Amino acid sequence: MIILGIETSCDETSAAIIKANKKTGRVKLLSNIIASSLTLHAKTGGIIPEVAAREQVKFIIPVIKKALEVLKDPKREIDAIAITVGPGLIGSLLVGVETAKTISYVWKKPIIPINHLFGHIYANFVSEINNSAVPEFPAIALIVSGGHTDLVLLKNHKDTLWLGGTRDDAAGEAFDKTGRLLNLPYPGGLEIEKMAKGIKQDLYNFPRPLIDSNDFDFSFSGLKTAVLREVQKTGKIDGRIIKNISYSLQEAIFDVLINKTLKAAAKYNAKSILLGGGVAANQTLRKRFEFEIRNLKLEIPFFVPEKWLCTDNAGMIAAAGFYNYEEIPWNKITANPELYFD
Ligand code: KG4
Ligand code: ZN
């Protein structure tokens, strides 16, 4: 089965082709084209929705055209179109959704609507090689992106349970806002990772919000205030201070993320732990997860997508489409910026 995936929920414009084997249940990525307006947003220190959507209107057709190049006869070979319908920025979502509907109508192909958050989970089911391992159920998934921090239990592909999420800022948002405070370019998460390199001591020991709470909720908005207080106390901040703050901030956020995820994995007897979303591209977070799982002798396989599949891309959306195949007529598909977990 061949699926065309399309993703335009935030500032990326992406189209991908996957080849899925119904017998083996494996998904192979044939193409995954991503165009980003990140450099424009870096100039403004964040995403301006109108700017993002206008860029996506320009990118969408060339990006789809490029993704289709791996097929000889796309119109004949494609079996379905998987499209991100939410959550995200409405202007951005509409670019992808309306394009997918048009292709569906003209080429008479079924559409599979995909929740972007599930897409991040399914980045763990994408492989470029056929024999890589596929996560087993029940699985605990942690989604850490710019807009979301969520813990989800997957009993199987169809039966999922949202366990908890952030009460205020998402982990990526905490990095982005603190990055702005420290005069670092957007996106803050990536810059903070670079700044934290080489530091080994947690000098600032920022709070670990809700780390011992009896639920699976998160709260990261207090961290930017804690950083602001340090910045105000110090007066003029130099490179050394920024590096130390970056390291301490990562440690605080990652301690909470890892602690709660492993608690959920133990509670639900997880057979795999999945990480996804832009923050999952962070090397320290990836290494610390592996270390803590080994340290606690949990023996639960840990999955994290390749770095380029952690941030928004259509490959993960196409994969989610295969494992959650549900055809919806094109005229019933609508973008839903507020879409969440059921
Ligand atoms: O998943 P994503 O591409 O878009 C959303 O769906 O939000 O995630 C973007 C977020 C941004 O907040 C960015 O700062 C963060 O991911 N991010 C990182 C890293 N790369 C991107 N955070 C920490 N370390 C990184 N290397
Ligand atoms: Zn995302």
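The structure displayed is predicted, hence computed values, not measured ones. Note that ligands are numbered from 1 as they come in the structure, with each ligand's atoms numbered from 1 the same way. Along the sequence shown, residues are numbered consecutively beginning with 1.
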Report, one line per pair, each donor and acceptor closer than 3.5 Å where one atom sits in a side chain of residues 85-103; sequence neighbours left out.
residue	atom	partner	partner atom	Å
Ser92	OG	Cys10	O	3.1
Ser92	OG	Gln56	OE1	2.8
Glu98	OE2	Lys101	NZ	3.3
Thr99	OG1	Val95	O	2.5
Lys101	NZ	Ile333	O	3.0
Thr102	OG1	Glu98	O	2.7

Among Leu163, Val152, Leu274, side-chain contact (heavy atoms from CB on, under 4.5 Å) partner for Ile140: Leu163
For residues 108-118, tabulate all N or O donor-acceptor pairs below 3.5 Å that involve a side-chain atom, not counting sequence neighbours.
residue	atom	partner	partner atom	Å
Lys109	NZ	Lys75	O	2.6
Lys109	NZ	Ile78	O	2.8
Asn115	OD1	Leu117	N	2.8
Asn115	ND2	Tyr340	O	3.0
His116	ND1	Glu7	OE1	2.9
His116	ND1	Ser9	OG	3.3
His116	NE2	His120	NE2	3.0
His116	NE2	Asp312	OD1	3.1

Assign the ring pair Tyr122 / Tyr323 to parallel, tilted or perpendicular, where the plane angle (0 to 90°) is split at 30° and 60°. parallel
Decide whether an N or O pair under 3.5 Å exists between Asp176 and ligand 1. yes
Around atom 2 (P) of ligand 1, find the nearest protein heavy atom and jot down its residue, atom name and distance. Asp312 OD1, 3.4 Å
Please determine which of Asp215, Asp150, Asp217 meets the salt bridge (Lys or Arg N to Asp or Glu O under 4.0 Å) test together with Lys260. Asp215
Measure the distances from the heavy atoms of Cys10 to every atom of ligand 1 and state whether one is below 4.0 angstrom. no
Check contact between Gln283 and ligand 1, using heavy atoms of the residue and a distance below 4.0 angstrom. no
With sequence neighbours left out, what residues match Asp73 under salt bridge (charged side-chain N to carboxylate O under 4.0 Å, His left out)? Arg76
From the options Met316, Glu12, Glu193, His148, select the one whose nearest heavy atom is closest to atom 25 (C) of ligand 1. Glu193
Say whether Phe175, considering both its backbone and side-chain N or O atoms, lies within less than 3.5 Å of an N or O atom on ligand 1. no
Mind checking how many protein N/O/S atoms fall short of 2.8 Å from the Zn ion (ligand 2)? 3
Nearest to atom 7 (O) of ligand 1, what protein heavy atom do you find, and at what distance? Gly146 N, 2.8 Å
Would Lys65 and Glu69 pass as an ion pair if we require N to O under 4.0 Å? no
Has ligand 1 got any nitrogen or oxygen that is less than 3.5 angstrom from a nitrogen or oxygen of Pro187? no
